[in-house]
Amino acid sequence: MPSLKDVAMKYFSGGLTSSDMVQSTSVVELSDDNQLYYERLGLQSGADTCQDDVVLAYRKLVRTAHPDRGGDPMVFYEINKAYAVLRDPSSRELYDKYGERWVDMRDMDEEKK
């Protein structure tokens with residue numbers, strides 16, 4: 001089975017379309033580490049990091065990390081994943097509390113409603 005990096009490289013280089021991708025049977029372990037996404041954006045974690053800091057850090061990083069500018073597609077993917085979580089206040093709050101397992105907690109909250 002190809003690695004995630006190989007699939008991402010092929011996808012971001014235009015050699016693979018979303019319809020060509022298959023579902024992976026492997027399970028990815030989620031981390032309790034709630035610092036990882038902040039580190040990916042080069043930020044200090046916690047309440048002292050404001051929303052504008054997240055946006056500015058993201059914009060600065062994607063300029064150099066974008067695959068069209070010679071950046072690594074996996075790094076670009078990880079930066080975007082971190083930004084997608086940290087830019088949304090409710091997702092960010094859950095991430096700060098549970099780490100990458102915030103998705104599980106969000107799903108549990110939606111099931112209770």
Side-chain angles (χ1 to χ4, degrees):
M1 178 179 294
S3 71
L4 178 61
K5 183 174 182 175
D6 294 336
V7 172
M9 291 286 286
K10 192 171 180 183
Y11 180 78
F12 285 119
S13 65
L16 182 67
T17 62
S18 58
S19 62
D20 297 331
M21 298 179 78
V22 296
Q23 288 232 346
S24 174
T25 56
S26 63
V27 176
V28 177
E29 286 294 320
L30 298 176
S31 168
D32 292 329
D33 181 9
N34 63 355
Q35 309 293 311
L36 186 62
Y37 289 175
Y38 289 100
E39 290 170 4
R40 286 185 183 150
L41 294 179
L43 298 169
Q44 297 291 326
S45 66
D48 58 332
T49 303
C50 71
Q51 197 65 24
D52 290 340
D53 293 340
V54 172
V55 172
L56 290 173
Y58 169 77
R59 288 182 180 169
K60 182 179 176 184
L61 286 171
V62 295
R63 285 187 199 130
T64 57
H66 196 283
D68 289 348
R69 294 191 171 230
D72 183 353
M74 283 307 296
V75 171
F76 183 71
Y77 168 78
E78 295 296 338
I79 290 168
N80 277 289
K81 185 167 73 168
Y83 178 66
V85 173
L86 298 180
R87 73 176 177 196
D88 177 48
S90 61
S91 298
R92 183 176 175 181
E93 181 182 346
L94 287 170
Y95 175 77
D96 288 343
K97 191 171 183 180
Y98 301 108
E100 287 184 308
R101 296 184 191 280
W102 75 272
V103 176
D104 297 335
M105 300 305 144
R106 179 197 62 193
D107 293 343
M108 279 192 229
D109 286 346
E110 288 177 1
E111 288 175 5
K112 290 179 183 177
K113 292 179 182 180

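Excluded from the calculations below are hydrogen atoms, water molecules and symmetry mates; all remaining heavy atoms, backbone and side chain alike, are included. Everything quoted here is computed from the prediction, not taken from an experiment.
How far CG of L43 is from CD of Q35: 11.5 Å, rounded to the nearest 0.5 Å. Rounding to the nearest 0.5 Å places OH of Y38 at 10.5 Å from CG of D53. Annotation: the span from R40 atom CZ to I79 atom CD1 amounts to 9.5 Å, rounded to 0.5 Å. Between the CG atom in L36 and the CD atom in E78 there is a gap of 7.5 Å [rounded to 0.5 Å]. Note that CD of E93 is 10.0 Å distant from CG of D88, once rounded to the nearest 0.5 Å. A distance of 10.5 Å separates OG1 in T64 from CZ in F76, rounded to the nearest 0.5 Å.
Annotation: K60, atom NZ; neighbour count of heavy atoms from other residues, nucleotides and ligands within 6.0 Å does not exceed 12.
Residues E100 and Y95 share a closest heavy-atom pair of N-CE1, 3.9 Å. Closest non-hydrogen pair, P67 versus P73, comes out as CG-CA, 3.9 Å.
Between N80 and Y58, the side chains place a donor N or O and an acceptor N or O closer than 3.5 Å (distance only, hydrogens not considered).
Q51 places a side-chain N or O within donor-acceptor distance of the main-chain N or O of R87, the cut-off being under 3.5 Å. The closest donor-acceptor contact from the side chain of Y98 to the backbone of N34 lies at 3.5 Å or more, if one exists at all.
Put simply, L56 and L61 are part of two different groups of oily side chains (I, L, V, M, F, W, Y) that touch within less than 4.5 Å, one to the next.
Each of D96, V85, L86 was compared with S91 under the side chain to side chain contact (heavy atoms under 4.5 Å, CB included) criterion, and only V85 meets it.
For the pair R92/T49, a side-chain contact is recorded, criterion being any heavy-atom separation below 4.5 Å from C-beta on. For the pair V55 and Y83, the minimum side-chain heavy-atom distance is below 4.5 Å.
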